[in-house]
Amino acid sequence: MFPVAVIRGCASSLCAGAVRLVGSSPPPLVQRAMQLPPAIPWQNARPMTTLHQMHKAGKPKRPPTKLGPTFGHPQLKGVVLKTMIRKPKKPNSANRKCARVRLSNGKEVICFIPGEGHNLQEHNIVLVEGGRTQDLPGVKLKVVRGKYDCAHVQKK
C-alpha cells in the first residue's frame, strides 16, 4: 500500500518501532492521530489587564452618538434658496416637490415639501424637521407645513 521505512538508531523507548511513510503523505487516520490535542480556550486569549494598566488607560470612552439629519436639534429654521422637482426611485413615478434650504447652522440641504401644492419661493423662511423620504435618495429632511412662510395644505 504505502512504502514504509523503519526509523533506526532511536534510543528512546517512545520511538521504538516507529514507522515513517516514504514518498507521500500519510493516510487520514494517521494524520488525525498525529494532530495535537485541541487547545484550551483561555490559552490563546490576551492576559487580563492589571490595575496599573487600567488606571493608566482611564475610563473607557463611549463612541459619540450620531446626530442625525437635524444635527442634534428637533427642528431647524432655514431660508429657501430654490424649489425643485425631483424624480423618485424605480417603482414610483410621481414627481416630488423639494426645496434647497440654507439652515440656521450654515449648512445647505435638500428638504421634501409634503402635501399637495405649496406656496414656497426663494427667500421664504421655513421650519425643517427630520424625516426621510424613502423614494428620494439623499433627502432626509421635511418642511413643516403651517409654520413661518409655508402655508397649510388646502382642504378640498
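Numbers here are sequence positions counted from 1.
- Counting non-hydrogen atoms of other residues, nucleotides and ligands closer than 6.0 Å to CE of Met54 gives a total of 12 or fewer.
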Ignoring hydrogens and angles, write down the donor-acceptor pairs under 3.5 Å from the side chains of residues 123-147, residues two or more places apart or on other chains.
from   : atom 1 : to     : atom 2 : distance (Å)
Asp135 : OD1    : Arg96  : NE     : 3.3
Asp135 : OD2    : Asn92  : ND2    : 2.9
Asp135 : OD2    : Arg96  : NE     : 3.2
Asp135 : OD2    : Arg96  : NH2    : 2.5
Arg145 : NE     : Ala151 : O      : 2.9
Arg145 : NH1    : Pro114 : O      : 2.6
Arg145 : NH1    : Gly117 : O      : 3.0
Arg145 : NH2    : Gly117 : O      : 3.0
Arg145 : NH2    : Ala151 : O      : 3.1

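- Evaluation of the side-chain contact (heavy atoms from CB on, under 4.5 Å) rule for Thr50 yields His52, Gln53 as partners, not counting sequence neighbours.
- Judged by the 6.0 Å distance and 45° axis criteria, Lys77 is positioned over the aromatic ring of Tyr148.
- In the hydrophobic cluster analysis, where Ile, Leu, Val, Met, Phe, Trp and Tyr join through side-chain heavy atoms closer than 4.5 angstrom, Leu76 is grouped together with Val80.
- Taking Asn95 as the reference, Ile85, Lys87 meet the side-chain contact (heavy atoms from CB on, under 4.5 Å) condition, with sequence neighbours excluded.
- Other residues sharing the hydrophobic cluster of Val153, ordered by chain and number and joined by side-chain separations under 4.5 Å: none, the residue standing alone.
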Donor-acceptor contacts, no H, no angles, side chain residues 101-111, under 3.5 Å, sequence neighbours left out:
from   : atom 1 : to     : atom 2 : distance (Å)
Arg102 : NH2    : Glu108 : OE2    : 2.7
Asn105 : OD1    : Lys107 : N      : 3.2
Glu108 : OE1    : Arg100 : NE     : 3.3

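- In this structure, Lys97 and Leu120 have side chains that are not in contact, with every pair of non-hydrogen atoms separated by 4.5 Å or more.
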Report all side-chain donor-acceptor pairs from residues 61-70 shorter than 3.5 Å, counting only partners two or more places apart or in another chain.
from  : atom 1 : to    : atom 2 : distance (Å)
Thr70 : OG1    : His73 : O      : 2.4

